[in-house]
Amino acid sequence: MNPHQYDVAIIGAGIGGLTLALSLHQQGISCRVFEAAREIRPLGAGVNLLPHAVRVMDELGLAGRLAEVAVTTKESIFFNKFGQFVYSEPAGRDAGYAWPQFSIHRGDLQMVLLDAVHEQLGREAVQLGWRCLGVEQDDAGVIVRFDDGDGHEREPARAALAVACDGIHSAVRKQLYPDEGAPRYSGVNMWRGTTALPPFLSGASMVRAGWLSVGKMVIYPIRNNVDGQGRQLVNWVAEIEAPQPARRDWNRGGRLEDFFCAFADWHFDWLDVAAMLQATETILEYPMVDQDPLPKWSFGRVTLLGDAAHPMVPRGSNGAGQAILDGPSLAQQIRTFGATAKALEEYERIRLKATGEVVLMNRVAPPDAILQTVHELTGGKPFTRIEDVISREELQAMSNRYKQVAGFSVNALSQPAPAR
């Protein structure tokens, strides 16, 4: 008799946990997802799914559903703080990839994944109101202990393996690394929001503008025709250097007056940024923080995935993407080696170094480094011709370096699916 209720207990029903559940089901591996929240609601703001992440979604049969609720991004475009054009490059299929790039509301992405889990694994596959307290293990398997969020203990879950997908405040990571210490603050706080606006530029452009020392913006649409009159839901992120970090809570409210002065004169012919900010009803505040890459994720029959494994500063549009890539990689190893510690070791061998390089690259040379270079070369002043400041070839090389490290260069994705 199998002593376990299922092969894998997944702790957390975020993007990483739900992708893992679908990947395991595709490989014929039983699992159950345990989520601390009593209700999953479409919270948060925008996220970009780069082609390597969309490749996984396509393999799971979800690319069509995502295309219906997302904006298919056409270009990435850079401006200085004066709204002057710096550099642009095509995105997704327009750049020669076999898969598109999607700009999407994080909540919409999570609900597409949740609906797919319910359809394929059954509604009982995701248990809500189960907050992880910790894990125990022996040679036979793992026991995951929970309460209901109010201190009332729930029945433990027994499985062959446990995977912590419980995000930046992971209880399992804290158990495995009790002395890890506080997150590493980058020196930058960010504010986020969404606003309904008429389409700007191509109607599917991802904009980066300004620089951190004077105020930087990332702006892109995430839903089309939200009012029946063609307006889009536009996601924006404001980033400014600050001596003290904000509280590390994705749903913490922010105040316009804390950052608006940096963007008050941003009235460009392609977008009135100041008006966009003033029209935003709900603003969220978050520090740009990460953790140093861990030496090890897997301990016997327990491992980490997504933000629990490799939290990174949200630059380069790659945090959610790396969590998505973790899922099929782990599922493939479990299919190959069974629900064993060996499978977790192989998953760690494949993914730990790759994600660690992205964490470190996001600190020093994400795509945003283009803005830093131009800001420093011009002394933060307007220019007459960008070609007199820096060549397009140099800017393109900076962008390509990040794609190579992050695993989504056109050449890398034109190859057969990697061994996972």
Side-chain angles (χ1 to χ4, degrees), residues 14-23 42-76 89-117 165 167 192 194 202-208 218-224 232-237 250 305-307 310 312 314-329 351 354-355 358 362 366-367 399 402-403 405-410 412-413 417-418:
I15 293 168
L18 294 173
T19 301
L20 174 61
L22 292 168
S23 299
L43 299 174
V47 63
N48 261 270
L49 295 185
L50 300 172
H52 58 347
V54 177
R55 179 181 190 169
V56 172
M57 294 291 103
D58 192 27
E59 291 168 352
L60 294 173
L62 300 180
R65 293 192 194 184
L66 293 174
E68 293 174 358
V69 297
V71 173
T72 301
T73 310
K74 293 182 179 179
E75 65 174 348
S76 180
E89 61 183 12
R93 287 202 174 100
D94 290 293
Y97 291 97
W99 295 271
Q101 176 176 331
F102 290 137
S103 296
I104 188 170
H105 194 290
R106 181 179 291 271
D108 291 345
L109 170 59
Q110 188 176 17
M111 297 312 293
V112 166
L113 291 167
L114 181 64
D115 289 346
V117 170
C165 309
R192 300 173 296 144
T194 58
S202 71
S205 302
M206 181 175 184
V207 168
R208 296 179 176 93
V218 181
I219 309 167
Y220 53 91
I222 56 175
R223 288 178 187 154
N224 285 318
Q232 297 174 305
L233 187 66
V234 174
N235 180 82
W236 58 262
V237 182
W250 278 118
L305 184 147
D307 281 349
H310 43 76
M312 58 188 67
R315 298 169 69 186
S317 306
N318 214 12
Q322 292 300 318
I324 288 169
L325 295 179
D326 288 345
S329 177
R351 293 294 296 155
T355 57
V358 178
N362 275 12
S399 177
Y402 183 80
K403 293 172 188 166
V405 170
F408 68 99
S409 67
V410 173
L413 286 183

Next on the checklist: Any non-hydrogen side-chain atom of Val71 less than 4.5 Å from a side-chain atom of Tyr220?
Outcome noted: no

Next on the checklist: Can you list everything that forms a side chain to side chain contact (heavy atoms under 4.5 Å, CB included) with Asp108? Sequence neighbours excluded, please.
Outcome noted: Val69, Ile104, His105, Arg223

Checklist entry - Taking the side chain as C-beta and beyond, is there a heavy-atom pair between Leu66 and Leu49 under 4.5 Å? => result yes

Checklist entry - Between Thr72 and Phe102, what is the shortest heavy-atom contact and its length? => result OG1-CE2, 3.5 Å

Item to check | Minimum side-chain heavy-atom gap Gln101-Val54 below 4.5 Å | outcome: no

Checklist entry - Hey, are the side chains of Leu325 and Arg55 touching, using non-hydrogen atoms and a 4.5 Å cut-off? => result no

Checklist entry - How long is the span from the CG atom in Leu113 to the CE atom in Met57, to the nearest 0.5 Å? => result 5.0 Å

Checklist outcome for this item: CD1 (Ile219) and CZ (Arg208) are apart, to the nearest 0.5 Å, by 11.5 Å

Checklist entry - What's the shortest heavy-atom distance between Gly92 and Tyr97, and which atoms? => result O-CD1, 3.1 Å

Checklist entry - For the atom pair CD (Glu75) and CD (Glu89), what is the distance rounded to the nearest 0.5 Å? => result 10.0 Å

Item to check | Side-chain donor/acceptor of Ser202 to backbone N/O of Ala204, under 3.5 Å | outcome: yes

Checklist outcome for this item: Heavy atoms of Ala116 and Leu62 approach each other most closely as CB-CD2, 3.8 Å

Checklist entry - Is there a side-chain contact between Leu114 and Met111, using heavy atoms and a 4.5 Å cut-off? => result yes

Item to check | Ser103 side chain to Asn48 side chain, donor-acceptor N/O pair below 3.5 angstrom | outcome: yes

Checklist entry - Looking at Gly203 and Pro221, what are the two nearest heavy atoms and their distance? => result O-CG, 3.7 Å

Show the atom names and distances, to 0.1 Å, of all donor-acceptor pairs under 3.5 Å that link a side chain in residues 14-23 to residues at least two apart or in another chain.
{"unit_1": "Thr19", "atom_1": "OG1", "unit_2": "Ile15", "atom_2": "O", "d": "2.7"}
{"unit_1": "Ser23", "atom_1": "OG", "unit_2": "Thr19", "atom_2": "O", "d": "2.9"}

Item to check | Shortest non-hydrogen separation from Gly306 to Ala323 and the atoms involved | outcome: CA-CB, 3.7 Å

Next on the checklist: With a 4.0 Å cut-off on N to O distance, would you call Asp326 and Arg351 a salt bridge?
Outcome noted: yes

Checklist entry - Of the non-hydrogen atoms in Met312 and Gly319, which two are nearest, and what is the gap between them? => result SD-CA, 3.9 Å

Item to check | Separation between CD of Gln110 and CG of Asp115, rounded to the nearest 0.5 Å | outcome: 10.5 Å

